[in-house]
Amino acid sequence: MLGLLYIALALGGTLFVVFSALTGMGDGGHVGHIGHDVHGDSAEGAPHFTLLSPLTLAILFASIGAFGLITRYGFGLGDAPSIIVSVAGGLGTAYVVARAAASMIMGARGTSTIKADAFVGSRGEVITSIPAGGVGEVALLLSNQRYTSPARSADGAAIATGVAVSVVRLAGTTLVVAPA
């Protein structure tokens, strides 16, 4: 009876993994996500993975079945030792495979996150004039991407369109700039 359970687990888990690979379904979107946060770190943007995703559970079941068949029929272990070894081997395999898959997926993903300290000292150009004591707009090139943001003059003076500026600091989401 235990042999049939091992076969069912190995076959069922393997079929689900193959089905997931062919259809792109099965992780329920739990492998991770990347957020957009331009002013520092965000817990929301942190990639994560879960050991309780359907795909990880399928790998666990397939591994338990495979280890069970190997220990029971390959090594001739009895019921109890076979169960202990197959559950331990299945848990270890599922963990290693899930971590490796998450690592590969996260390594291939990009992010549009720009840290606040990347702005300070960067150079840009005023694209909408900054009136005295008012707000205009500046365009910067950060990490090879064009970024536009509201901007104020550091000394409160007006800055005309087309003037090169340097970012002195951030005030909320507004850049504080001075002519370069």
Side-chain angles (χ1 to χ4, degrees), residues 13 16-63 90-180:
F16 186 81
V17 169
V18 169
F19 171 77
S20 295
L22 293 175
T23 63
M25 298 169 45
D27 72 354
H30 296 298
V31 173
H33 68 280
I34 300 293
H36 179 75
D37 178 24
V38 296
H39 297 292
D41 294 326
S42 170
E44 180 182 321
H48 68 281
F49 80 100
T50 177
L51 291 174
L52 297 177
S53 74
L55 192 53
T56 305
L57 292 175
I59 292 167
L60 172 67
F61 295 150
S63 298
L91 287 170
T93 300
Y95 179 79
V96 168
V97 169
R99 286 294 289 204
S103 252
M104 287 189 302
I105 290 169
M106 291 304 116
R109 295 186 111 170
T111 179
S112 60
T113 300
I114 300 172
K115 304 283 184 194
D117 59 351
F119 287 100
V120 178
S122 62
R123 295 185 181 271
E125 180 180 332
V126 176
I127 57 174
T128 302
S129 63
I130 303 172
V135 177
E137 189 173 21
V138 170
L140 308 167
L141 190 62
L142 293 172
S143 302
N144 293 324
Q145 291 185 358
R146 185 172 190 260
Y147 181 80
T148 60
S149 178
R152 293 182 174 275
S153 173
D155 62 5
I159 304 176
T161 301
V163 173
V165 293
S166 179
V167 178
V168 177
R169 69 179 191 285
L170 268 78
T173 58
T174 303
L175 301 176
V176 178
V177 298

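Rounded to the nearest 0.5 Å, atoms CZ (Arg123) and CG (Leu142) are 13.0 Å apart. To the nearest 0.5 angstrom, Arg152 atom CZ is 10.0 Å from Arg169 atom CZ. Taking OG1 from Thr148 and CG from Leu175, the interatomic distance works out to 9.5 Å, rounded to the nearest 0.5 Å. Atom CD1 of Ile59 sits about 9.5 Å away from atom OG1 of Thr93, to the nearest 0.5 Å.
Annotation for Pro131 and Ser129: closest pair CD-O, 3.4 Å, computed over non-hydrogen atoms. In this structure, Ala154 and Val168 approach most closely via the heavy-atom pair CB-CG2, 4.2 Å. The nearest pair of heavy atoms linking Ser63 to Gly90 is CB-CA, 3.5 Å. When all heavy atoms are compared, the tightest approach of Arg146 to Ala139 is NH2-CB, 3.6 Å. The two residues Leu140 and Gly124 make their nearest non-hydrogen contact at CD2-CA, 3.4 Å. Listed here is the closest heavy atom pair of Ser166 and Gly121: OG-O, 3.9 Å.
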* Between Phe16 and Phe61, does a ring pair (Phe, Tyr, Trp, His ring centres under 6.0 Å) hold up when you go through it step by step? -> CA-CA 10 Å; Phe16 186 81; Phe61 295 150; 9.7 Å; no
* Asked: Checking side chain to side chain contact (heavy atoms under 4.5 Å, CB included) for the pair Val176/Leu170: CA distance, chi angles, key distance, verdict?
  -> CA-CA 6 Å; Val176 178; Leu170 268 78; over 6 Å; no
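Here the options are Thr174, Thr128, Ile130, the test is side chain to side chain contact (heavy atoms under 4.5 Å, CB included), and the partner is Pro150; only Thr174 passes.
Remark: side-chain polar atoms of Ser149 are paired, donor with acceptor, to backbone N or O of Thr173 under 3.5 angstrom.
Two residues are said to be in side-chain contact when any heavy atoms from C-beta on lie closer than 4.5 Å; Val138 and Ile127 fail this criterion.
With sequence neighbours excluded, no residue forms a side-chain hydrogen bond (donor to acceptor under 3.5 Å, both in side chains) with Ser122.
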